[in-house]
Amino acid sequence: MIILKLENLIKDAILKLYNVSFNNVQLQKTRKEFEGDITLVIYPILSVSNKKLDITAKEIAEYLKLNLDKIESYNIVQGFLNIVISNEYWVNQFININNINDFGVVKAKKESPLYLVEFSSPNTNKPLHLGHIRNNLLGDSISRIIKASGKNVKKVQIINDRGIHICKSMIAWQESGKNETPKSSGMKGDHLVGKYYVEFEKIKQKEIEELVGSGLSQKQAEENSKINIKAKDMLRSWESKEKDTIDLWKKMNSWVYDGFSKTYKKLGIVFDKNYYESETYLLGKNIIEDGLSKGVFYKKSDGSVWIDLSAEGLDEKLILRSDGTSVYITQDIGTAVLRYDDFKFSNMIYTVGNEQNYHFKVLFHILKKIGYKWSKNCFHLSYGMVDLPSGKMKSREGTVVDADDLIEEMISTAKNISNDLGKKEYLSESESKKLYNLIGLGALKYFILKVDPKKKILFDPLDSIDFNGNTGPFIQYTYARIQSLKRKKLINISEIDPTIIISKKEKEIIKLLLDFPDVIQEASQKYAPSLIANYIYELAKEFNNFYQNTPILNDQNKILVNFRLCLSIKLGEVIKTSMNLLGISMPDRM
RNA sequence: GGCUCUGUAGCUUAAUUGGAUAGAGCACCUGACUACGGAUCAGGAGGUUGGGGGUUCGACUCCCUCCAGAGUCACCA
């Protein structure tokens, strides 16, 4: 790459001119408002040149120009040396990438590192909501990005299928369900089970109110709530594997899985392996024993097991209860080791909300202390909560944006807009249905993924998600325009003439396209799909501007038409590839 | 209270990791189809980057301090 060549040349220049070896060469893209392609920041060099700004800049510039014929000219503005690279260079660069299939994407080899990405990991007592959507989209997208950066990827989730929460739904269903099933009620299975989870809370609240009314304290009332006691009994019954309980549990979970799989299907999400907590919740204990003998953990007089992480700036943490049963982190230790045994991964990513930042810090420290080398390659992909204007979403209180509802709403909005714009005459009914899906989901996915994962998202259900501006449909539209050009093309595409004169805008687009491989690598290293989204938007915006102001097919000069068509088609390919990294499909027309 | 994260235009957000005049979208105002798709494009208005201090040629970015919000600090998951 030219930037590397330049950097070395600049080092040579400084060595020759000032007799110093210098390794703080700061090169950056030239900002649009100035003339040039690459800019050298002169300030850091002043300390070794001992000359004035302009003189230093000029001396280096002259040296560069003399030694690199691709430099056409330069200008110096306030300590910035802007270097103009010849058009011919950029055209040649484009010719190079134009011949590459799947430009930007690195194919993994068998021996490439394996990344295990965990995401989704729902509870089975309620349907998915917008928070889960963010989790799923992030996990799915980052898996695609890591894969495109040349790694092997396996997607896994751990389904939280046991515990007090599902017992609550089970009890409420038993008490007031009257044998209702997804079939008899026409409800999606996960919604049906979720309904009884909410029902449980209602009954419990009512009981607590009554007990408080009869003179008990809030805490006593909670302990004495009949349905609450029944739920705890059911958990015990589940743990001792009583048949009736297990049967009911299996039945209701299967309803939930049916429901989930429909939602996953709509979102286009699949996993390579599912782990079930009911199968892993006892794991980890033997590892604790091992840790005890190594002195990593210690036992208190009541029999509970702890780790002291105060040296790491954290607290003491309980690992095993005094009755010998495990806590959440015990299972997580066990599951991590199980996964390593299953996959021998090189890296593992946990896609989990930022409320668990502390938990994962502790987990990784523990794994390290026990001595697992791979623990240093574990990463918590932490993301901000999706909040409503009214505050946090809470399933128990019914203040959630349901995933299925939201998806349906997006699709029907897409349909309405399409119809308003009168754009679907040429499509069959099933084709248009597919199209609305594609656009609605594109809008939703892009809306979520363009935001930096760290940041929380404020979602106002009354303020519907946009379809104009920096949105998924805007990019899909750009792509559809390019496909339209392709369909219309009036010439046969031939070799690009490397000597053509290109416009400033065309050069901008070439430069942007050349960035694509780096963008994938950076997004992968930083676990940030938002970087991909930003890049695509830039690309689409540049293209629309170009399209609006430059005749692509209608120019007299067929050599130029050929070039512009190739440029457009390549840009379309890059848009498609990069949108695919966000899990978004592209329409040929819309 | 301790620790972590966040704070950028009315709203949603970006900023090449310390670089040039903080860049976009929505909403608002003005323009552009006898040109390849107007879900588009061009332009306008809108900013003390939460406040204050410091580091330096240069700070949204680093340090200190204060303010506001969120999360977490369970023998819960």
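Model, not experiment: these values are computed from the prediction. The chains referred to below are lettered A, B, ... by the order of the sequence lines, with proteins before strands, and numbering in each begins at 1.
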Just wondering, are more than 12 heavy atoms of other shown residues or ligands nearer than 6.0 Å to NZ in A:Lys558?
-> yes
Tell me, for nucleotides 1-9 of chain B in 5' to 3' order, what letter each nucleotide earns: B for a base near a protein heavy atom under 4.0 Å, S for only sugar-phosphate near one, - for neither?
-> -----SS--
From B:C36, B:U16, B:U13, nucleotide with atom closest to A:Val451 side chain | B:U13
Rounded distance in Å - NE2 (A:His359) to C1' (B:C76) | 12 Å
A:Gly469 vs A:Ala414, nearer the 5' end of RNA chain B by closest nucleotide = A:Gly469
Row check, A:Tyr383 ring normal vs A:Arg134 NZ/CZ: under 6.0 Å, within 45° = no
Return the nearest nucleotide to the side chain of A:Arg321; candidates are B:G19, B:C75, B:A15.
-> B:C75
Check each of A:Lys32, A:Lys29, A:Lys450 against A:Glu538 using the salt bridge (charged side-chain N to carboxylate O under 4.0 Å, His left out) test, and report the only one that passes.
-> A:Lys32
Taking the nucleotide of RNA chain B with the closest heavy atom to each, which residue, A:Arg487 or A:Leu81, is nearer the 5' end?
-> A:Leu81
Take atom C1' in B:G18 and the same atom in B:C63, then report the distance between them in whole Å.
-> 13 Å
Which nucleotide sits closest to the side chain of A:Lys392: B:G25, B:G71, B:A20?
-> B:G71
Expressed in whole Å, how much space separates the C1' atoms belonging to B:C73 and B:G23?
-> 39 Å
With a 3.5 Å cut-off and just heavy-atom distances, do the side chain of A:Gln548 and the base of B:U40 make a donor-acceptor pair?
-> yes
Could you work out which one of B:A20, B:A24, B:G38 sits closest to the side chain of A:Tyr537?
-> B:A24
For atom P, what is the distance between B:G52 and B:C57, given to the nearest Å?
-> 23 Å
Sticking with atom C1', work out how far B:U21 lies from B:G58, rounded to a whole angstrom.
-> 14 Å
How close or far is atom C1' of B:U13 from atom CZ of A:Phe459, stated in whole angstroms?
-> 16 Å
With centres under 5.5 Å and planes under 30°, do A:Tyr477 and B:G37 count as stacked?
-> no
Would you say A:Phe80 stacks on B:A20, if stacking means ring centres under 5.5 Å apart and planes within less than 30 degrees?
-> yes
Say you pick atom C1' in B:G50 and the same atom in B:A27; how far apart are they, in whole Å?
-> 24 Å
Distance between C1' atoms of B:G46 and B:C11 (Å, rounded) = 12 Å
In whole Å, what is the span from the CG atom of A:Leu485 to the P atom of B:A35?
-> 15 Å
Just how far, in rounded Å, is P of B:A74 from CG of A:Asp323?
-> 18 Å
Under 4.0 angstrom, heavy atoms only, what part of the nucleic acid is A:Leu320 near: base, sugar-phosphate, or nothing?
-> nothing
State which of B:A39, B:A20, B:A14 makes the closest approach to the side chain of A:Asp452.
-> B:A14
Between A:Tyr276 and A:Trp249, does the ring centroid distance fall short of 6.0 Å?
-> no
For A:Lys415, does the NZ atom sit with more than 12 other heavy atoms under 6.0 Å from it, leaving out its own atoms?
-> no
Does A:Ser484 get its side chain close enough to the base of B:C36, under 3.5 Å, for a donor-acceptor pair?
-> no
Out of B:U16, B:G37, B:A24, which has the shortest distance to the side chain of A:Lys29?
-> B:U16
Could you give the CD1-to-C1' distance, from A:Ile569 to B:C36, as a whole number of Å?
-> 13 Å
Please check if the distance between the ring centroids of A:Tyr328 and A:His359 is under 6.0 Å.
-> yes
Taking atom P of B:G37 as reference, at what distance in whole Å does atom NZ of A:Lys486 sit?
-> 15 Å
What do you reckon, is NZ of A:Lys232 surrounded by more than 12 foreign heavy atoms closer than 6.0 Å?
-> no
Using the aromatic ring of A:Tyr328 (for Trp, its six-membered ring), decide whether it stacks on the base of B:C76 within the limits of 5.5 Å and 30°.
-> no
Could you go step by step and tell me if A:Phe360 and A:Tyr350 meet the ring pair (Phe, Tyr, Trp, His ring centres under 6.0 Å) rule?
-> CA-CA 9 Å; A:Phe360 280 102; A:Tyr350 291 89; 4.9 Å; yes
Side-chain contact check for A:Asn468: nearest option of B:C36, B:A14, B:U40 is B:U40
Considering only heavy atoms and no angle criterion, is a donor-acceptor pair shorter than 3.5 Å present between the side chain of A:Thr39 and the base of B:A20?
-> yes
Nearest-angstrom distance from the residue atom CZ of A:Phe467 to P of B:U40 = 12 Å
Taking the six-membered ring of A:Trp306 (Phe, Tyr or Trp), confirm whether the NZ or CZ of A:Lys299 is under 6.0 Å from its centre and within 45° of its axis.
-> no
For RNA chain B, stems built from three or more consecutive Watson-Crick or G-U wobble pairs below 3.5 Å = B:1-7 with B:67-73, B:10-13 with B:23-26, B:28-32 with B:40-44, B:50-54 with B:62-66
More than 12 foreign heavy atoms under 6.0 Å from CD of A:Gln78: is that the case here?
-> no
Among A:Phe543, A:Phe474, A:Tyr446, ring-ring contact (aromatic ring centres under 6.0 Å, His included) partner for A:Tyr537 = A:Phe474
Does a sphere of radius 6.0 Å around NZ in A:Lys511 hold more than 12 heavy atoms from other residues, nucleotides or ligands, not counting ones at 6.0 Å or beyond?
-> yes
B:A77, B:A20, B:C36: which one has an atom nearest the side-chain heavy atoms of A:Gln356?
-> B:A77
If the C1' atom of B:U4 is compared with that of B:A45, how far apart are they to the nearest Å?
-> 40 Å
Test for a donor-acceptor pair under 3.5 Å between the base of B:A39 and the side chain of A:Thr471, counting only N and O atoms.
-> no
Listed nucleotide nearest any side-chain atom of A:Gln28, set B:A20, B:C36, B:A39 | B:A20
Interatomic distance at C1', B:A22 relative to B:A9, whole Å | 11 Å
Checking B:G38, B:G19, B:C36 against the side chain of A:Arg481 (C-beta onward), the nearest is B:G38
With heavy atoms under 4.0 Å as the rule, sort A:Thr550 into base, sugar-phosphate or nothing.
-> base
Greater than 12 external heavy atoms within 6.0 Å of A:Glu35's CD | no
Nucleotide B:A20, atom P - distance to CG of A:Asp37 in whole Å | 18 Å
